[in-house]
Amino acid sequence: MAACGLDFGTSNTTLGHTGPDGPTLLPLEEAHRTIPSAIFFELGREPVIGRAATAAYVEGRSGRLMRGLKSVLGTPLMEEATPVGRQRLRLRDVIARYLTAVKARAEAACGEVLDSVVHGRPVHFVDGDPEADRRAEDTLREIARDVGFREVSFQYEPIAAALDYERQVRSEEIALVADIGGGTSDFSIVRLSPERRGRPDRAGDILANDGVRIGGTDFDRQLSLGAVMPLLGLGSPMRRGDLAVPNAYYHDLATWSAINRLYNAKTAREIDEVIRDCARPDLVGRLREVVEGERGHALAGVVEGAKIAASERDATMLDLGFVERGLAAPVDRATLSAQTGDLAGAVAARIDRCLSQAELPRERIDALFLTGGSTGLPHLRAALTGALPAARVVEGDTFGSVGLGLTIEAARRGA
């Protein structure tokens, strides 16, 4: 029997185990130690997860792809059922199936039964709603027990990242940890040192914790609504009156966790009615093409890819040829910043809240430790570093720091 640290993220998942060489992340998909938080249900077959799930969808196999499931924790959607072939599954059961597969792969990799887990959690699953936040953690605890973990405890994700960073600290310092993931952005101010590392109780070293329910998928969503959905009719007029085409379809289509809600006969009929009564049926017809072909995740994936490409190369072309031959949209860093600048500002504003909690001036922060995939967005990174201009910027393992820290914590707790 052994303990592990599990970072079930909105976009990616890791699971770590402490062996003879110390804490390490286990391979969960071939040699990959990070696996996308995705699952694909194909009629008559066992569901597949991770990169294989996305590949099955891209290949056009008949089935249902689900991503971004962590984002529904604490919301009413958690108990909703979604059609999967001839059955309907609650989203909590979909998460359980995904985590069951992750646990089995981890156990095969380490050769031990993993019966205790330290689960990562954001500072806030749901902003401004303590009851929903408690409900989200309780649900994740129940799911963890359902998949076979006997002992389940939690640690804040930025605290876990701090524990990973502390392994390289050579003298006492105060660090602000920014963990910018797919679904949430979380911050902690922590006092770190080699001497403190082995203490059984670190509560006194945690000076502040805060977070906001904004992450990489929200940047995807805003980029999609601003740069792509107008090409599918968002904001275009109806033929009568001063009304615009209903926007709910576009918001669902731009939101990873809501895409599958569009795939039903009722929505198809409604979109046909909109096409009949709108001034630009050529545009709304593209929306129908995406929904009827169940290509919403393909669209979201293209937007996500364009976000990453614009961040790395400054400019890219968002190819929508699978919707209509020759259809494309240019995306550059200026476009990305214009569409998502408010989100970047809202994330960075949490640093001031943490400083206020800790009763520290920004000059007292020695290091800004960055982890999470969304720290690669140039304008978000600039907002974070600009809030702490005197701090040393330290790069964490983008997708692994939280999981490694949770593994360290699992060993410390002797769970």
Side-chain angles (χ1 to χ4, degrees), residues 6-13 15 35-41 47 49-50 53 63-103 117-149 152-157 181-186 211-218 220-221 248-249 251-264 266-267 294 296-297 300 402 406:
L6 175 57
D7 179 21
F8 167 50
T10 301
S11 299
N12 295 282
T13 295
L15 192 150
I35 184 170
S37 301
I39 186 167
F40 184 81
F41 291 87
I49 65 171
R64 181 62 55 90
L65 177 68
M66 298 186 189
R67 274 192 58 178
L69 291 168
K70 185 180 179 182
S71 62
V72 303
L73 286 165
T75 73
L77 292 175
M78 195 63 204
E79 298 302 325
E80 277 193 9
T82 187
V84 177
R86 295 188 179 93
Q87 59 180 325
R88 294 181 65 84
L89 291 178
R90 293 182 304 167
L91 292 179
R92 63 179 295 147
D93 297 326
V94 173
I95 293 175
R97 291 201 182 191
Y98 173 78
L99 291 180
T100 295
V102 168
K103 182 174 184 288
V117 64
V118 175
H119 231 309
R121 60 150 292 165
V123 176
H124 304 298
F125 283 102
V126 181
D127 293 339
D129 189 340
E131 174 58 27
D133 193 75
R134 182 198 58 76
R135 188 166 59 247
E137 182 177 297
D138 287 347
T139 299
L140 201 51
R141 179 181 289 105
E142 291 166 6
I143 291 172
R145 287 177 175 154
D146 288 345
V147 306
F149 289 113
V152 182
S153 60
F154 289 86
Q155 179 58 278
Y156 290 124
E157 288 156 3
T184 61
S185 295
D186 296 291
V212 63
R213 202 170 186 270
I214 298 173
T217 56
D218 297 287
D220 296 345
R221 182 173 184 268
Y249 311 116
H251 284 265
D252 281 351
L253 194 59
T255 305
W256 280 104
S257 59
I259 292 170
N260 286 318
R261 296 168 65 182
L262 295 170
Y263 300 155
N264 57 76
K266 178 176 180 291
T267 298
E294 297 192 2
H297 286 91
V402 171
L406 292 169

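Note: hydrogens, waters and symmetry copies are ignored here, and every other heavy atom, side chains too, is used. Positions are given from 1 along the sequence.
- Of the charged side-chain nitrogens involved, at least one lies within less than 4.0 Å of a carboxylate oxygen, so that Arg121 and Glu137 count as a salt-bridged pair.
- Under the rule for a salt bridge (Lys or Arg N to Asp or Glu O under 4.0 Å), the partners of Arg67 that lie at least two apart in sequence or sit in another chain are Glu304.
- Under the 3.5 Å distance criterion, with hydrogens and angles disregarded, a donor-acceptor pair is assigned to the side chains of Thr267 and Asn264.
- Residues forming a side-chain contact (heavy atoms from CB on, under 4.5 Å) with Ala101 (at least two apart in sequence, or on another chain): Ile49.
- Contact annotation: the side chain of Tyr156 never approaches that of Asp186 to less than 4.5 Å [non-hydrogen atoms, C-beta and beyond].
- Remark: the backbone N or O of Phe125 is paired with a side-chain donor or acceptor of Asp133 at under 3.5 angstrom.
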Show the numbers, then the answer: is there a side chain to side chain contact (heavy atoms under 4.5 Å, CB included) between Phe41 and Leu89?
CA-CA 11 Å; Phe41 291 87; Leu89 291 178; 3.8 Å; yes

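- Every residue two or more places apart in sequence or in another chain that forms a ring pair (Phe, Tyr, Trp, His ring centres under 6.0 Å) with His119 is listed here: Phe154.
- Distance check: Tyr98 OH to Leu69 CG gives 9.0 Å after rounding to the nearest 0.5 Å.
- Among residues two or more places apart in sequence or in another chain, the salt bridge (Lys or Arg N to Asp or Glu O under 4.0 Å) test is passed with Glu294 by none.
- Put simply, the side chain of Val102 does not reach to within 4.5 Å of the side chain of Phe8, judged on heavy atoms.
- Nearest heavy-atom pair across Val72 and Ser257 is CG1-CB, 3.9 Å.
- The side-chain heavy atoms of His124 and Val212, taken from C-beta on, include no pair separated by under 4.5 Å.
- Here Tyr263 pairs with nothing under the ring pair (Phe, Tyr, Trp, His ring centres under 6.0 Å) rule; sequence neighbours left out.
- A search for salt bridge (Lys or Arg N to Asp or Glu O under 4.0 Å) contacts involving Arg134 returns Glu131, Asp138, not counting sequence neighbours.
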